[in-house]
Amino acid sequence: MPEGHTLHRLARLHQRRFAGTHVAVTSPQGRFTDAETIDGRVLTRASAWGKHLFHHYEGGPIVHVHLGLYGTFTEAPAPMPAPVGAVRMRIVGTEYGTDLRGPTACEVIDEAQASAILDRLGPDPLRSDADPALPWARISRSRKPIGALLMDQTVIAGVGNVYRNELLYRHHIDPYRRGRDVGEAEFAQAWSDLVALMKTGVRRGTIVVVAPEHDHGAPSYAPDRPRTYVYRRAGEPCRVCGTPISTAEMEGRNVFWCPTCQT
DNA sequence: GCAAAATGTCAAG
DNA sequence: TTGACCTTTTGCA
């Protein structure tokens, strides 16, 4: 489920599992050919910005990972079992190992290349130094729909299709409304809500945005507890007003909204 | 057993 | 704007 919260959670996990220790890095599948150049080095730090994950190694090299649509990490206690399926990268530390499958990017880069990646990214709501004035400057001047602007990683880094749709629902904003027609106070509220929602996502390991008063009293441990208001709920009734949820394609991605609650 | 879908990005035209 | 790509899981025969 790779939106920004997933990558921050992984960075935190990998930091705890591997930072400060020598790790074995291999590519059982063989496509990560640079694995040998970092095999056996000390992983000094793991960090995330938006949907990008970085493993910093002693001596300077950085492994840059982007999960894309289907990339996943799994972990198991060491010693690791034989790899199953197409494992692009396997990292084994003293107590745990982790396998990476299906990423869009898994490559060794240097400091300059890492900076170049960060230069293309907007503020990340999960980072304490994120300045909402930057996305606001872009949004308030744009004729593009707010639904598209929120997905633009140069505007805000880390928001994906679920957070985009859910955030707009929670703030009663139609995804087709132009950026310049979003109010400043409205944006400020949405930003602080986004920060809170994504922090919850990091903590829970999954996206949960439905307020208790809208989940029909389902206990928090219920496996079928509703997690979203609109995402992938096309045709189902809005949890607040009962209107069927609409869906359409916007710039190649599915957008979902309630035509009554969002204007 | 096979097709379709999935929370993403990039490059070609 | 369209298609390609990375891999697993789900659903339907």
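Numbers restart at 1 for each chain; the letters A, B, ... are given by sequence-line order, proteins then strands.
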Participant: For B:dT9, does OP1 or OP2 lie under 4.0 Å from any side-chain N or O of A:His66?
Facilitator: yes
Participant: Consider the side chain of A:Ile207, meaning its heavy atoms from C-beta on, and name the nucleotide among B:dG8, C:dT7, B:dT7 that approaches it most closely.
Facilitator: B:dT7
Participant: I need the NE2-C1' distance between A:His5 and B:dT7, as an integer number of Å.
Facilitator: 8 Å
Participant: Contacts to DNA chain B from residues 146-170 of chain A, heavy-atom cutoff under 4.0 Å, which residues?
Facilitator: A:Met151, A:Gln153, A:Gly160, A:Asn161, A:Val162
Participant: Please examine the side chains of A:Arg253 and A:Arg164, heavy atoms only from C-beta on, and report whether any two atoms are closer than 4.5 Å.
Facilitator: yes
Participant: Under 30°, 30 to 60°, or over 60°: which ring-plane class applies to A:Tyr231 and A:Phe256, parallel, tilted or perpendicular?
Facilitator: perpendicular
Participant: If you take any heavy atom closer than 4.0 Å to DNA chain B, which residues from residues 230-237 of chain A end up in contact?
Facilitator: A:Tyr231, A:Arg232
Participant: With rounding to the closest Å, how many angstrom separate the P atoms on C:dC5 and B:dG13?
Facilitator: 13 Å
Participant: Using a side-chain heavy atom cutoff under 4.5 Å and only I, L, V, M, F, W and Y, what cluster partners does A:Leu121 have?
Facilitator: A:Trp49, A:Phe54, A:Ile62, A:Ile109, A:Ile117, A:Leu118
Participant: Can you name the side chain to side chain contact (heavy atoms under 4.5 Å, CB included) partners of A:Asp193, sequence neighbours left out?
Facilitator: A:Leu167, A:Arg170, A:His171, A:Leu197
Participant: Rounding to a whole Å, what distance do you find between A:Leu197:CG and B:dT7:P?
Facilitator: 18 Å
Participant: Take the protein atom CG of A:Leu67 and the nucleotide atom P of B:dT7, then report the distance between them rounded to whole Å.
Facilitator: 14 Å
Participant: With sequence neighbours excluded, give me every salt bridge (Lys or Arg N to Asp or Glu O under 4.0 Å) pair touching residues 80-104 of chain A.
Facilitator: A:Arg90-A:Asp99
Participant: State which residues pass side chain to side chain contact (heavy atoms under 4.5 Å, CB included) with A:Pro123; sequence neighbours excluded, sorted by chain then number.
Facilitator: A:Ala130, A:Leu134, A:Pro135, A:Trp191
Participant: Mind checking side chain to side chain contact (heavy atoms under 4.5 Å, CB included) for A:Pro244 and listing every partner two or more places apart, or none if nothing turns up?
Facilitator: none
Participant: Go through the structure and list residues passing salt bridge (charged side-chain N to carboxylate O under 4.0 Å, His left out) with A:Asp124, not counting sequence neighbours.
Facilitator: none
Participant: Return the value, rounded to whole Å, for the distance between atom CH2 of A:Trp49 and atom C1' of B:dT9.
Facilitator: 19 Å
Participant: Residues sharing A:Val87's hydrophobic cluster, by side-chain heavy-atom contacts under 4.5 Å among ILVMFWY, directly or via others?
Facilitator: none
Participant: Taking the P atom in each of B:dA5 and C:dA13, what is the distance between them to the nearest angstrom?
Facilitator: 15 Å
Participant: Can you find a side chain N or O atom of A:Lys51 that sits less than 4.0 Å from OP1 or OP2 on B:dT9?
Facilitator: yes
Participant: I'd like a list of close polar pairs between nucleotides 2-4 of chain C and the protein, N/O only, cut-off under 3.5 Å.
Facilitator:
none

Participant: What's touching nucleotides 10-13 of chain B from the protein side, N or O pairs under 3.5 Å?
Facilitator:
from   : atom 1 : to       : atom 2 : distance (Å)
B:dC10 : OP1    : A:Arg120 : NH2    : 3.2

Participant: Without decimals, in angstroms, what is the distance between A:Glu249 CD and B:dA5 P?
Facilitator: 11 Å
Participant: Expressed as a whole number of Å, how far does the P atom of B:dC10 sit from that of C:dT8?
Facilitator: 23 Å
Participant: Tell me the interatomic distance from A:Asn254, atom CG, to B:dA4, atom P, rounded to whole angstroms.
Facilitator: 16 Å
Participant: Which side-chain N or O atoms in residues 15-23 of chain A pair as donor and acceptor under 3.5 Å with protein atoms at least two apart or in another chain?
Facilitator:
from    : atom 1 : to      : atom 2 : distance (Å)
A:Gln15 : OE1    : A:Ala46 : N      : 2.9
A:Arg17 : NE     : A:Glu75 : OE1    : 3.0
A:Arg17 : NE     : A:Glu75 : OE2    : 3.2
A:Arg17 : NH2    : A:Glu75 : OE2    : 2.6
A:Thr21 : OG1    : A:Phe18 : O      : 2.8
A:His22 : ND1    : A:Gly40 : O      : 2.8

